[in-house]
Every structure is written in structure tokens, then in C-alpha cells.
Protein chains: 2
Amino acid sequence: MYAVKAMPRPRSLTPAQLAAAALTVVDRDGLAGLTMRAVGKELGTSTMALYRYVADREELEGLVVELVLDRVDSTPPADLPWPERLRVLVERVRAATGAHPAVVPLFPAHRHRSPGVLRWSEAVLGVLTEAGFDGTRRVIALRGLLSYVIGAIQLEHLGPLSGSGTVTMAQLPRTDFPLMAETAQAARQVGPDEEFGGGLDVLLRGLVAHSDRD
Amino acid sequence: MYAVKAMPRPRSLTPAQLAAAALTVVDRDGLAGLTMRAVGKELGTSTMALYRYVADREELEGLVVELVLDRVDSTPPADLPWPERLRVLVERVRAATGAHPAVVPLFPAHRHRSPGVLRWSEAVLGVLTEAGFDGTRRVIALRGLLSYVIGAIQLEHLGPLSGSGTVTMAQLPRTDFPLMAETAQAARQVGPDEEFGGGLDVLLRGLVAHSDRD
DNA sequence: ACCTGAACACCGTTCAAGT
DNA sequence: ACCTGAACACCGTTCAAGT
């Protein structure tokens, strides 16, 4: 007398499959192409089937961000001075997100839901703690690094030095914008790696000075 | 024998009015409420009238960003050491955008079209030049400051320390995230001004160290 | 020239119906 | 339980028609 009740029909999808399909769509069609209908088609199911796994389109976006950020390697790099270890951790975020530039605009709004970011933050706090940071200063250092990496990644993909913005800069009237016109020349020779790394250098130097203070 | 040709009917709107109406909508209804229909209604015209002034919804967003960023005061602050002058310029961007937090997500994508940003950049370059920066280092310093301000403003409005993210942090399992749990306590006592200013301090200290180098 | 409203091709999401 | 398709209330934008 088994099966008195109807057997629950097994789910045909996992959240991981859903996230993977959504990321495939974003990589192929851009962020504007990420629609419930497109993801349903990508999975070979109806559009409405997605709502069994996700409350919202926003939650779907959250899954995509999670998938990308969970790939950030957060194992603490050893055998290096602490500023170099911070650099490695920050560069890993850039590497993971750089592989999926179309997802970058979603990053700020959904950052908090990703376990990957939590692990990464814990690793950064570990290095900062060893370097002697605690209390308010440690909070500010973590948030400062996070602000820089978020801003720099967006600038890299939405307004790169190699792009049209620099050309516009170079064509600015020299009477009103002498330094912008001059800087545009130099900007053309700065690659994205040098730009990101250079700015990070400044920030890390600031942290070193900060830790030496008192 | 005047008026051989039909008099061109005068435009009933200016781009400035359009931008102001759109900003009113965004401030009242949020970014999701910014639709062509809503802006048309706000102006008392038909939806389609907007297309006489703007090619696109994207161009409308650009006008909003312009309106907000053009209010950034870019007159160089005098009588201060150069790092303090940079601080004043950066804080002014925060002040102007902080008055319209819903616009913040549009900032990165439309940053380049705003004359206000160009004037601000020229002012920042002026201070950096006086401080002895030139060539690649000047480019990197400008972009680093821009990255920080963009990232920090977004973090402030999309994931503030006072918000739910910090509560989640505090509730994290101490076995896996001992430092996050500990840091959440300190984070609750850091206000947005202290956070933004503290991170900016680190960056400015890094620039000072950078300029002393060689 | 400038403005309008209907219409088209999309969205996300609700809901009743199927298995 | 889980999945489906029709339907609803929106979008941005095209186009023909009005003044």
C-alpha cells in the first residue's frame, strides 16, 4: 500500500543550470538580451517554468552574478609581503569579472548575495589583520578596496582609455581644456592592465602609509 | 511678399526642460519609473513628442546624467595643500550625485557625455600637474580617483554599511567567517561620510607617496 | 516643422488549465 | 508537484496622419 499520495514530480532543473543558461545568454546577447523568454528557450523549457526556481527577473540576475563571482579564487596567496597579497586578491576579482564584461553593470546591485564575495572579503580581512589593521580602519580599508575594484572594472568596460572617450578628449578645445588634450596623448599609451594595476598601486601605497601611521 | 515658405513651427520644449522633467520623474518614481510615457506626461505632451529632442531612451538617460553632473562645482579650491584640494574636488562629485541617488547606476555608462565631468577632470589634472604629476602617472592618478569615486558612490547607495548587508555579515557562521562577523560590529559604527572620506584618505596618501617617489 | 495616436513587437508576470 | 500557454499590463519605437 505504498504511494497513497501522488509522487511529487521531480524538478527538471537546478538553480545552477538556470544560472549557467542565463550567463550563456548574457555572454552571447548582452545584458539587454537577458529576458525570461530567452533563458527559457536556452533551457528548452517554457518561460514560466523559470518561476518555479526564481521569484523574479531580479533574482535571476542575482544568480548570474553569483555564478561569476563564485569563480573568484579566495585562497590566501602565501609567501608575499601583505600589500602584494592584497594585489593578488584584487586582481583575481578583475580576472573573474573580466571574462564576462556584460555582467559588470549587475555587479554593484547584487554583490552582497554572492558567497564568493563573502569568502573573498574574509580573505582580504585576513591579510589586513596580519598587517595590523583593526576596528574602523579595517572596515575602511576593505570598503576602499571594494570601491576601487568596482569602479575600476566598470570604467574599464564602459569607458576604456582605448575607446572613443579618449578620442573626444583629444579633440577638446585647447583653450578650455589644455590639460585634457595633453593627457589624451599619454592616455592612448596606457593599456588596461597598466591602468588597473597603477591605480591599485596608489591605493596599496596609501594603505602602507596608513598602517605605518600609529 | 514675405512668408513664401511656411513658417517653421517653433519648438515647444528645450533639451533642458526635457532633462529636468526626466530628473523629476527619476527622483519621484526611481529609475524603473523613467519611461518615455512618464516623461511625456510630466511635460504635458505626447510620448512621441520627446523623439523630436532625443533619438532614444538612452539619450534621455544621458541628459539626466548631464544635468546632475553639470552641477558639480569645478572651480579649483585655493589656499590648501594639493591633496586637500583633490579631496574637495572629489567630495563635490559625491555631494552632487548624492542628491539624486537613483541616477547613480546611470553614472558609469553616461559619464563621458557630460561637460561637467570634463571640467572636473581638467580641474583635477590642474592640481595633479602642480603636484608634479605628468605623463602616464598623471593619467593613472586621474583614472584612479575616478574609479574610486564611481565605485564608492555606488557602494554607498546600493550596499551601504548601515543596510541589510552588514546585518547578514554579522549573522555569518563564525567558524567560516570569523573576521567578517567581527568586522560587522565595527562597520555599524562607521557612517557614510567617514567611510567615503576614510577611503579617499587612503588613496590621497598613496598619491602623496607616489609623488615623493622619484 | 512639429506634434499626435494607433499600431507593432517586445517585455515581466498572473492565472487557469493540463499531467 | 510541476509545467504550460493564453492573457494582461506594461515597455520602446515606427509610421501615417493631422496642424
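Only a predicted model underlies this, so the values are computations on that prediction, with no experimental measurement involved. For the numbers below, each heavy atom of this structure counts, side chains included, while hydrogens, waters and symmetry mates do not. In what follows, chains are A, B, ... by sequence order, proteins preceding strands, each numbered from 1.
- A donor-acceptor contact under 3.5 angstrom links the side chains of Gln154(A) and Gln154(B), judged on distance only.
- A salt bridge between Asp201(A) and Arg87(A) is present, with a side-chain N of the basic residue lying under 4.0 Å from a carboxylate O of the acidic one.
- Judged by Watson-Crick or G-U wobble contacts below 3.5 Å, the nucleotide dT13(C) has dA7(D) as its partner.
- For the pair Leu43(A) and Leu50(A), the minimum side-chain heavy-atom distance is below 4.5 Å.
- The distance from atom CG of Leu13(B) to atom C1' of dC3(C) is 10 Å, rounded to the nearest whole Å.
- Contact annotation: Tyr51(A) side-chain N/O to dT13(C) OP1/OP2 distance is under 4.0 Å.
- Pairing for dT19(D) is with dA1(C), a Watson-Crick or G-U wobble pair whose two hydrogen-bonding atom distances lie under 3.5 Å.
- Straight-line distance from the CE atom of Met36(B) to the P atom of dT13(D): 6 Å, rounded to whole Å.
- For the pairing with Ile150(B), the side-chain contact (heavy atoms from CB on, under 4.5 Å) check across Ile150(A), Leu155(A), Ile153(A) returns one residue only, Leu155(A).
- Here Ser12(A) reaches the OP1 or OP2 of dC3(D): one of its side-chain N or O atoms lies under 4.0 Å away.
- One finds a salt bridge joining Glu58(B) and Arg113(B) here, because a Lys/Arg side-chain nitrogen approaches an Asp/Glu carboxylate oxygen to under 4.0 Å.
- Looking at Thr129(B) and Asp134(B), their side chains never bring a donor and an acceptor atom within 3.5 Å of each other.
- Using cut-offs of 30° and 60° on the angle between ring planes, the pair Phe133(A) and His210(A) is parallel.
- Atom CZ in Arg57(B) sits roughly 9 Å away from atom C1' in dC11(D) (whole-Å rounding).
- Residue Tyr53(A) places no side-chain N or O under 4.0 Å from the OP1 or OP2 atom of dA1(D).
- For DNA chain D, no neighbouring residue in residues 23-30 of chain B is found when judged by any heavy atom under 4.0 Å.
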Where do Glu59(B) and Tyr53(B) land on the side chain to side chain contact (heavy atoms under 4.5 Å, CB included) test, with the steps shown first?
-> CA-CA 9 Å; Glu59(B) 209 173 298; Tyr53(B) 303 88; over 6 Å; no
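- Between the CG atom of Leu60(B) and the P atom of dC11(D) there is a distance of 14 Å, given to the nearest Å.
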Could you list the protein-to-nucleotides 4-8 of chain C atom pairs, N/O on both sides, closer than 3.5 Å?
residue, atom, partner, partner atom, Å
dT4(C), OP2, Ser46(B), N, 3.0
dT4(C), OP2, Ser46(B), OG, 2.9

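- The main-chain N or O of Met180(A) is found under 3.5 Å from a side-chain atom of Glu122(B) such that the two form a donor-acceptor pair.
- Counting to the nearest Å, the C1' atom of dT13(D) and the CG atom of Asp56(B) are 9 Å from each other.
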